[in-house]
Amino acid sequence: MDVSHILDPLNDAQREAVTAAMGTRLVLAGAGSGKTRVLVHRIAWLIQVENVPPWSLLAVTFTNKAAREMRTRIEEMLGHPVGGMWVGTFHGLTHRFLRAHWQDAGLPQHFQILDGDDQFRLIKRILKALELDESNWPPRQVQSFINKQKDEGLRPDHVDAAGDRYLTQMVAVYREYEAARTRGGLLDFADLLLCAHELLRERADILHHYRERFRHVLVDEFQDTNAIQYAWLRLLVGPNDNLFAVGDDDQSIYGWRGARVENIQSLQRHFPGSQVVRLEQNYRSTGTILKAANALIARNPGRLGKNLWTADGEGEPIRRYAAFNEVDEARFVVERIRKYSTEEGYRRAECAILYRTTAQSRLFEEALMNAQVPFRVYGGLRFFERAEVRDALAYLRLLNNPDDDGAFERVINTPTRGIGERTLDLLRERARGSAVSLWQAAQDLIAAGALGPRGTATLVHFVDLIRNAQAATRDLDLAETATHVIEAAALADFYMKAKDGKGEDRVENLGQFVETAGRFRQEVEDDEADPLGAFLSHAALEAGEAQADPFSDAVQLMTLHSAKGLEFPNVFLVGLEEGLFPHSMSAQDPARLEEERRLCYVGMTRAMHRLYVTHAESRRLYGKESYPQPSRFLREVPPELMEEVRGRGVSRPAAARAPVPAAAGVMGGGDTGGFHLGQRVTHPKFGEGVVLNSEGRGAQARIQVNFQGVGSKWLVLAYARLEPAG
DNA sequence: CATGAATTCGTTTTT
DNA sequence: CGAATTCATG
């Protein structure tokens with residue numbers, strides 16, 4: 001077998017990983033070191049050289065996009081489609097597994113998936129039923145509690161709430177949630193893994209079968225795995241010991257949603273024969289960018305250790321720009337982008353603006369709009385998340401299973417058909433009282449004549465609508481069914497009449513929805529027994545692309561989180577200010593601060609040729625002016641790698657120079673002697689600076705001032721001869 | 001039951 | 001400041 005096509009494009013470390021003998025391998029793949037390439041080539045190596053049959057391979061990723069990319073690249077490399085191999089996301093694969101083993105897992109045959117939004121609504125309904133006040137029990141908090149437990153593999157019975165009133169109540173809600181979820185024949189995202197794990201754990205025969213089959217398990221982005229995902233992997237791999245995990249502890253940025261970097265260390269403990277390969281040669285960035293990123297991330301303790309290097313040149317210095325305010329920051333960035341795209345021949349799509357929080361995008365959107373520069377913002381609503389699409393989906397769900405309370409609640413009055421809160425409350429009460437679905441309760445109340453003429457009529461109308469649609473679509477395919485239901489419910493009319501001006505868009509999306517359903521039907525095996533059920537799962541597991549035309553040449557705007565895995569010739573990392581980045585919510589906890597630093601590392605390593613870091617000296621935040629210090633991350637980059645960009649000689653706007661006085665002593669908690677935070681002051685020895693903080697009162701009062709060129713100092717107010725800067 | 005006013009509350013997000 | 005959600009009123 002000629003293996004040159006597999007090995008020739010690889011460097012030594014990559015080759016070592018790809019050709020490794022059987023056994024568990026941990027590939028620590030630095031940013032831009034060819035991680036996907038290694039995964040793809042490893043699979044090609046196993047199939048073509050080690051003669052591993054494709055059906056004994058399982059490759060798992062986090063996102064559908066990554067899964068698609070991996071499959072495409074494998075098939076390109078092999079020159080033909082690979083049948084039998086399982087490539088997908090954790091959720092996609094476990095879903096497939098549970099669909100095959102619904103009976104063993106004790107699930108209804110046509111169980112459906114509860115997505116995040118449905119889950120949230122269900123929790124709200126439960127809180128209401130339990131008469132818990134939402135201000136004391138915020139649904140978001142309850143939701144994250146439940147998901148956290150599940151991500152740790154804990155069912156309600158496993159949570160030890162002894163003696164803790166708060167926990168006890170949370171667990172009670174969790175239990176009630178589980179009951180409602182089970183009644184509806186639903187699994188949430190975490191359940192997919194939890195149930196798959198439990199089934200493998202409890203059924204030796206099934207476990208044996210899958211271990212025999214999947215002799216090779218490969219995982220991408222291993223540092224992002226949570227407890228249950230890792231437990232599932234371990235169980236599946238078992239004594240085969242053929243786990244090929246690729247990850248980078250320095251790019252772990254999802255700790256807040258349950259990811260455990262520690263899994264990387266655990267892997268080496270749990271698989272004692274495992275070997276580590278480091279990929280440190282970077283093919284993306286200039287030497288300067290890598291040096292800066294290395295220096296930054298070196299501040300984090302407890303790393304596995306990795307130093308990126310490049311065979312290419314140093315490149316340009318990192319450019320740092322101190323903007324007067326957030327508007328100036330946006331103006332500056334847009335001006336540079338214009339310059340690069342007009343004078344230097346870069347495409348606009350080769351410029352990315354990366355920010356910490358989504359709220360920051362607006363300023364850049366405005367500035368780009370003013371400058372008439374096309375742009376694309378990532379992370380908006382995706383196709384299956386649009387209200388009109390979710391409405392149409394809810395109708396399909398109701399056809400599929402009328403006892404789906406979530407779907408019922410969503411469309412009972414969409415379009416408005418005169419069923420209000422009071423009728424709905426009666427329904428809910430009845431449903432809860434007799435432990436039946438809302439659908440069943442509706443029939444019962446109609447039969448009992450318990451509703452009054454108006455309520456009865458509207459409810460009968462709705463029940464008939466669903467029943468008739470069920471009957472009428474029995475022999476129709478997916479797209480025809482969707483069309484029928486949209487017609488029958490008069491959804492298009494409803495959106496057109498809504499005066500939010502989005503009617504046209506919405507109706508167009510409905511059309512696209514029908515098309516999507518049609519296309520799905522074609523892609524799915526013809527022998528799919530339950531195309532509607534499969535389509536609904538697909539909609540839940542894959543929310544689709546976030547609109548926008550990926551081919552247009554537009555500046556890319558996104559959060560640092562969504563930038564992971566991408567690269568751009570010109571990167572603008574904006575808002576590098578204390579409080580914003582690192583975010584104030586993470587400032588207290590060292591672990592979270594380290595994650596912020598990794599986020600910064602991820603951002604910097606997205607840049608190929610040029611990296612800009614910007615911060616504003618004054619920023620309007622929540623309607624108030626703030627005067628943030630430059631981010632500590634700026635100080636953690638060696639100064640010799642950076643070059644300050646001066647403004648174009650525009651004079652500082654008066655607003656930034658002389659902020660509106662705030663009440664003395666309020667913000668810093670101390671006595672400021674008439675100065676206020678953010679005020680510019682002069683000191684006979686240290687020169688000009690900005691008031692940052694204060695503490696103490698009277699003779700003890702101290703004030704912190706950040707002096708230009710000197711740094712920040714705490715001064716005793718009584719002795720410091722401070723004067724307002726003129 | 002729909003509409004505008006009042007109020008609240010501000011990370012990161014995939015499946 | 002602005003969105004998103006709740007509240008009071010035709």
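Heavy-atom basis, side chains included; hydrogens, waters and symmetry copies ignored. Just so it is clear: chains get the letters A, B, ... in the order the sequence lines come, proteins before strands, and each one is counted from 1.
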Between the protein and nucleotides 7-10 of chain B, are there any N/O to N/O pairs under 3.5 Å, and if so, what are the atom names and distances?
none

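Each of A:Glu578, A:Glu326, A:Glu329 was scored for a salt bridge (charged side-chain N to carboxylate O under 4.0 Å, His left out) with A:Arg619, with one residue passing: A:Glu329.
Within 4.0 Å of A:Asp115, counting heavy atoms only, lies no atom of the nucleic acid at all. The residue A:Arg257 sits close to a base: some heavy atom pair falls under 4.0 Å. Across all strands shown, A:Glu596 has heavy atoms under 4.0 Å from base atoms, whether or not it also approaches the sugar-phosphate. Note on A:Ser584: nothing from the nucleic acid sits closer than 4.0 angstrom, heavy atoms only.
Seen from the ring of A:Tyr601, A:Arg598 does not count as a face-on cation partner, given the 6.0 Å and 45° thresholds.
In this structure, of C:dG2, B:dT15, B:dT12, it is C:dG2 that holds the atom nearest to the side chain of A:Arg362. Residue A:Thr559 places its side chain closer to B:dT12 than to any other of C:dC1, B:dA2, B:dT12. Checking B:dT13, C:dT6, B:dT14 against every side-chain atom of A:Glu134, the shortest atom distance belongs to C:dT6.
Nearest-nucleotide mapping onto DNA chain B: of A:Thr357 and A:Glu542, the residue sitting toward the 5' end is A:Thr357.
One interatomic measurement links the two molecules: CG of A:Leu580 to C1' of B:dT12, which rounds to 12 Å at whole-angstrom precision.
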